[in-house]
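A quick write-up on the structure given underneath.
Naming convention: chains lettered A, B, ... in sequence-line order (proteins, then strands); numbering from 1 in each chain. Values below: all heavy atoms of this structure, side chains included; hydrogens, waters and symmetry mates excluded. Bear in mind that the values here come from a model prediction, so they are computed numbers and not experimental data.
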Protein chains: 2
Amino acid sequence: MLSIGDLSKRTGVKVPTIRYYEQMGLIEAAERSEGNQRRYERHDLERLAFIRHARDLGLDIPAIRELIALSQHPDQPCANADRIAADHLIAVREKLEKLKKLEHELERIISHCDGHSIEDCYVIRALSDHGLCEGEH
Amino acid sequence: MLSIGDLSKRTGVKVPTIRYYEQMGLIEAAERSEGNQRRYERHDLERLAFIRHARDLGLDIPAIRELIALSQHPDQPCANADRIAADHLIAVREKLEKLKKLEHELERIISHCDGHSIEDCYVIRALSDHGLCEGEH
DNA sequence: TCTTGAAGCTCTAGTCACTGGAGGAATTAT
DNA sequence: ATAATTCCTCCAGTGACTAGAGCTTCAAGA
Ligand SMILES: [Zn+2]
Ligand SMILES: [Zn+2]
Ligand SMILES: [Zn+2]
Ligand SMILES: [Zn+2]
């Protein structure tokens, strides 16, 4: 039987975050001690590690909720789980594309400034006029 | 003299967002009509385009506020403006690195699933065990 | 057993950059 | 003159936490 603090230390998830996950329905409401304190067991540890890992991979809470629900039905096909992951990969790739464009523009803008006065600053000028940009973003 | 709606149409910035920028101190409080409605001029249009462009490049509001303040002093050196852009580029590159790792892990995870039952689903198994991952993230 | 300090509880509010709605006033078009 | 549109202010909600206030419970040492 672990206290919420023990669970926190073992998983690296902060105490208020564990309570938040419970509120969001990712973790079942834990059993309580006589004095109303949460008491956890091994399977809560595993559940929390699952959530933490999914969050680290960038999945949002509704997606994780769905994955947990799916994982309760081992005999069902896993097409939905695979689709959640695939959709997320698509979203990650879209963000990557945007960030690459930003990186490119920022590099270009910074390298074009000779670093003298604000009046001539290419950073300021480029921000004032998207026409100076090479691509869209 | 433009109404807030005109300004919105010309810049593509939504009306509540323009009011929000005013509240955040990015735009000076506009003059008002007799009936208390905001009236804008050309330089507000330019200011808003500057803000919009800076936001599109991912700069946050405090950074934009500082850039606007700097741009009011054309004779000063532009080191601070350049530093803001450079710091932002560093932040963008860090995000890029993280996203590339995520993309890689997600690709790997998805490709390892044979798409049959939840019980064997590699997506679920990989989420349950970071040890199955190739790298950190 | 008593006491003290750490850790737990609930509830509320703050983060960031907006976005939307309610309820009412002003402006514009017919 | 009337109707339609736009404007005003204020408040609340988004996502995923995070922090604090004010109180209770727990664990350990004297
Ligand atoms: Zn410069
Ligand atoms: Zn641009
Ligand atoms: Zn699968
Ligand atoms: Zn992993």
Side-chain angles (χ1 to χ4, degrees), chain A residues 1-27 29-40 44 47-48 50-68 84 87-88 91-92 95 98 102 137, chain B residues 1-27 29-40 44 47-48 50-68 84 87-88 91-92 95 98 102 137:
Chain A
M1 294 296 248
L2 303 168
S3 72
I4 196 168
D6 297 333
L7 193 61
S8 171
K9 273 164 212 150
R10 296 222 199 176
T11 57
V13 179
K14 290 182 183 159
V15 168
T17 306
I18 297 173
R19 291 197 275 247
Y20 172 75
Y21 288 157
E22 179 185 314
Q23 212 187 329
M24 291 299 102
L26 300 185
I27 297 177
E31 288 175 52
R32 300 294 180 114
S33 72
E34 285 186 10
N36 197 36
Q37 300 194 354
R38 290 169 178 82
R39 294 291 174 251
Y40 296 96
D44 296 303
R47 167 69 61 91
L48 195 50
F50 181 96
I51 296 167
R52 181 72 265 155
H53 197 207
R55 286 291 302 124
D56 287 344
L57 284 164
L59 289 156
D60 62 17
I61 283 176
I64 296 172
R65 195 156 32 215
E66 200 175 338
L67 285 166
I68 289 171
I84 288 169
D87 286 352
H88 182 51
V92 166
K95 278 192 191 167
K98 282 186 187 163
L102 290 197
H137 49 100
Chain B
M1 293 296 246
L2 304 168
S3 71
I4 196 169
D6 296 333
L7 193 60
S8 171
K9 272 165 213 150
R10 295 222 200 177
T11 58
V13 179
K14 291 184 182 158
V15 168
T17 305
I18 297 173
R19 291 197 275 247
Y20 171 75
Y21 288 157
E22 179 186 315
Q23 211 187 329
M24 292 297 101
L26 299 186
I27 297 177
E31 288 175 53
R32 300 293 180 115
S33 72
E34 285 184 10
N36 197 37
Q37 300 194 352
R38 291 170 178 83
R39 294 293 174 250
Y40 295 95
D44 295 304
R47 167 68 62 90
L48 195 50
F50 181 96
I51 295 167
R52 183 71 263 153
H53 196 208
R55 287 290 303 124
D56 286 344
L57 285 163
L59 289 156
D60 63 17
I61 283 174
I64 296 172
R65 195 154 35 212
E66 201 175 337
L67 285 167
I68 289 170
I84 288 169
D87 286 352
H88 182 52
V92 166
K95 277 193 193 166
K98 281 187 189 162
L102 290 196
H137 48 99

Using whole Å, report how far CZ of Arg39(A) lies from P of dG8(C).
8 Å
Between Arg47(A) and Leu26(A) (side chain of the first, backbone of the second, donor and acceptor by atom type, cut-off under 3.5 Å), is there such a pair?
yes
Between dC7(D) atom P and Glu34(B) atom CD, what is the distance in whole Å?
17 Å
Given atom CG of Leu7(B) and atom P of dT6(D), what is their separation to the nearest angstrom?
15 Å
Whole Å only: how far is the CE atom of Met1(A) from the P atom of dC26(D)?
13 Å
Give a yes/no answer on whether the side chain of Arg32(A) brings an N or O atom under 4.0 Å of OP1 or OP2 in dT10(C).
yes
Measure from the side chain of Thr17(B), starting at C-beta and using heavy atoms only, and say which of dT19(C), dC9(C), dT27(C) lies closest.
dT19(C)
Quick check: does any side chain N or O of Asp87(A) sit under 3.5 Å from a backbone N or O of Ile84(A), one acting as donor and the other as acceptor?
no
Report the distance from atom CD1 of Ile18(A) to atom P of dG8(C), rounded to the nearest whole Å.
9 Å
Whole-Å distance between dA17(C) C1' and Lys14(B) NZ?
12 Å
Side chain of Gln37(A), heavy atoms from C-beta onward: which of dC9(C), dC7(D), dA17(C) has the nearest atom to it?
dC9(C)
Shortest non-hydrogen contact from Tyr40(A) to Ala30(A)?
CE2-CB, 3.4 Å
Hey, is the main chain of Leu48(B) close enough, under 3.5 Å, to the side chain of His53(B) for a donor-acceptor pair?
no
Between dG8(C) and Ser3(A), is there an OP1 or OP2 to side-chain N/O distance shorter than 4.0 Å?
yes
Using the side-chain heavy atoms of Asn36(B), tell me which of these nucleotides is nearest: dT6(D), dC26(D), dT9(D).
dT9(D)
Distance check needed: dA7(C) C1' versus Tyr40(A) OH, whole Å only.
14 Å
Using atom CG of Leu2(A) as one end and atom C1' of dA27(D) as the other, report the distance to the nearest whole Å.
16 Å
Pairs of donor and acceptor atoms involving the side chains of residues 11-24 of chain B, under 3.5 Å and at least two apart or interchain, shall be tabulated with distances.
residue: Thr11(B); atom: OG1; partner: Leu7(B); partner atom: O; Å: 2.8
residue: Thr11(B); atom: OG1; partner: Val13(B); partner atom: N; Å: 3.2
residue: Glu22(B); atom: OE1; partner: Arg38(B); partner atom: NE; Å: 2.8

Does dC7(D) have its OP1 or OP2 closer than 4.0 Å to a side-chain nitrogen or oxygen of Ser33(B)?
no
To the nearest 0.5 Å, atom CE of Met1(A) lies from atom OG of Ser3(A) at 11.0 Å
Any salt bridge linking Arg52(B) with Asp56(B)? Criterion: basic side-chain nitrogen under 4.0 Å from a carboxylate oxygen.
yes
Closest to the Tyr21(A) side chain: dC17(D), dT27(C), dG8(C)?
dC17(D)
Compare side-chain N and O positions of Arg38(A) against OP1 and OP2 of dC9(C) and report whether any pair is under 4.0 Å apart.
yes
Heavy-atom contacts under 4.0 Å between residues 50-65 of chain A and DNA chain C, which residues?
none
